[in-house]
Amino acid sequence: MSHHVFRRAGVLAATVAATGLLGAGIASAHVTANVYGDQPAKGGYGTIFFRVPNEDAKLGTIKVEIDVKPDYGIGNIRTKPIPGWTAEVTKSKLPQPVTTASGTKITEAVTKVVWTAQPGTKIGSTEFQEFEISGGPLPSNVDQLEFPAIQTYEGGKVVDWNQPTPPSGEEPEHPAPTIKLAAESSEHGGHTQTTAAGENAEAASSSDNTARWLGGAGLVVGALGLGVGAGAVLRSRRPAAGKTEGTK
């Protein structure tokens, strides 16, 4: 009876999981901006992944463009190499300098990142690709970053992902990829990661010292235990020897 119950429960769980995955796939079938790990902080640096699914049953995606608003004043962006794709980062001179959280004035900022598929490479009808960028300093005067995107298919078909999400939160038909920024965690946003690394190293060193102290204490206690045990053995043997002599 229990085997049948577990078997039915397993089938039900698998069905629910499959339905959830299918639903997520349908709901997220557009270009999105994602963050894995800590959320990028205002005034700091961060890594963003643009997930590009192919929505055409016959045509493959061969080009992806991401617009970076000049108002953000992001001075540096690097791209992670992807086999079969070439990346180009475009910088433009700003009409007005942008002052970063650290007080640096940015006169040129990144305004566009383009990935182009080499011959024989594309995102197929049932595939997706992730395009990674890392850069900063990120603006400190906004709560989120919006990256309008352009997806180009074989044959010249173009889809714009540039519609902002309204305050109501209702997703438009072609939403622009967006990520939220975390609050600035220190006075020097650009050094947040370095500070965290230092704190982690200090904590690790403290833990290591504590472990060594406990290990040494354990050895001392062990040695004392051996001494007490040896003494007890010797004491137990002496009366036995006395009795033997008296008998004789």
Side-chain angles (χ1 to χ4, degrees), residues 31-52 63-82 85-116 130-150 160-169 171-172 175-207:
V31 179
T32 57
N34 304 284
V35 175
Y36 304 131
D38 295 336
Q39 203 71 12
K42 296 179 180 180
Y45 288 73
T47 300
I48 302 170
F49 298 81
F50 295 97
R51 176 172 292 189
V52 182
K63 188 177 182 181
V64 177
E65 304 174 56
I66 301 295
D67 289 332
V68 185
K69 296 183 179 181
D71 296 346
Y72 294 158
I74 301 177
N76 295 284
I77 284 182
R78 295 180 182 273
T79 61
K80 185 175 181 178
I82 301 176
W85 294 80
T86 58
E88 182 180 1
V89 178
T90 300
K91 274 190 171 184
S92 302
K93 189 171 183 179
L94 301 176
Q96 296 292 335
V98 174
T99 303
T100 66
S102 62
T104 303
K105 288 188 176 182
I106 303 295
T107 58
E108 283 189 348
V110 177
T111 53
K112 185 182 284 289
V113 183
V114 180
W115 290 271
T116 305
E130 283 190 325
F131 301 88
E132 179 182 351
I133 65 170
S134 179
L138 304 177
S140 57
N141 58 348
V142 296
D143 295 326
Q144 65 180 23
L145 300 179
E146 189 177 85
F147 300 95
I150 302 173
D160 292 322
W161 302 96
N162 57 6
Q163 297 176 340
T165 300
S168 63
E171 189 175 81
T178 305
I179 66 162
K180 295 185 180 299
L181 294 178
E184 190 172 352
S185 58
S186 67
E187 294 181 359
H188 305 286
H191 300 287
T192 300
Q193 295 179 351
T194 303
T195 302
E199 292 176 351
N200 291 337
E202 183 178 354
S205 176
S206 177
S207 299

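In this text the structure is predicted, and so the values were computed from the model without any measurement.
Residues passing the salt bridge (Lys or Arg N to Asp or Glu O under 4.0 Å) test with Glu88: none are found, sequence neighbours excluded. Listed by chain and residue number, Pro172, Glu173, His174 satisfy the side-chain contact (heavy atoms from CB on, under 4.5 Å) test with Gln163 (two or more places apart in sequence, or in another chain). The side-chain hydrogen bond (donor to acceptor under 3.5 Å, both in side chains) test applied to Thr100 returns Ser102, not counting sequence neighbours. The side-chain contact (heavy atoms from CB on, under 4.5 Å) test applied to Thr99 returns Lys105, not counting sequence neighbours. Scanning for ring-ring contact (aromatic ring centres under 6.0 Å, His included) contacts around Phe131 gives Trp85, Trp115, with sequence neighbours left out. For Gln144, the side-chain contact (heavy atoms from CB on, under 4.5 Å) criterion is met by Thr178, Lys180, not counting sequence neighbours. Every residue was checked against the side-chain hydrogen bond (donor to acceptor under 3.5 Å, both in side chains) condition with Asn76, not counting sequence neighbours, and none meets it. Scored by the side-chain contact (heavy atoms from CB on, under 4.5 Å) test, Lys69 finds Tyr72, Glu146 as partners (sequence neighbours excluded). The side-chain hydrogen bond (donor to acceptor under 3.5 Å, both in side chains) check on Asn162 picks up nothing, with sequence neighbours excluded. With sequence neighbours excluded, the residues that form a side-chain hydrogen bond (donor to acceptor under 3.5 Å, both in side chains) with Glu130 are Tyr36, Arg51.
In this structure, Glu184 and Lys42 approach most closely via the heavy-atom pair CG-O, 3.3 Å. Between Ala41 and Ala183, the closest heavy-atom pair is CB-O, 3.8 Å. A pairwise comparison of heavy atoms in Gln39 and Ala182 identifies O-CB, 4.0 Å as the closest pair. For the residue pair Thr32 and Pro177, the shortest heavy atom distance occurs at C-CB, 3.9 Å. Of all non-hydrogen atoms in Val114 and Thr116, the two that sit nearest each other are CG1-OG1, 3.8 Å. Considering every non-hydrogen atom in both Ile74 and Pro139, the closest pair reads CG1-CD, 4.3 Å.
With rounding to the nearest 0.5 angstrom, the CZ atom of Arg78 is 10.0 Å from the OH atom of Tyr45. With values rounded to the nearest 0.5 angstrom, Leu138 atom CG is found 6.0 Å from Leu181 atom CG. Interatomic distance, Thr104 OG1 to Ile106 CD1, rounded to the nearest 0.5 Å: 6.0 Å. In this structure, CG on Asp38 lies 10.5 Å from OG1 on Thr47, to the nearest 0.5 angstrom. In this structure, CG in Asp160 is found 9.0 Å from CG in Asp67, a value given to the nearest 0.5 Å.
Side-chain contact between Phe147 and Val113: absent, with no pair of heavy atoms (C-beta onward) separated by less than 4.5 Å.
Residue Asn34 places its CG atom among more than 12 non-hydrogen atoms of other residues, nucleotides or ligands, all under 6.0 Å distant.
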Donor-acceptor pairs under 3.5 Å, side chain of residues 91-98 to any protein atom, not counting sequence neighbours: which ones?
| residue | atom | partner | partner atom | Å |
| --- | --- | --- | --- | --- |
| Lys91 | NZ | Gly75 | O | 2.8 |
| Ser92 | OG | Thr111 | OG1 | 2.9 |

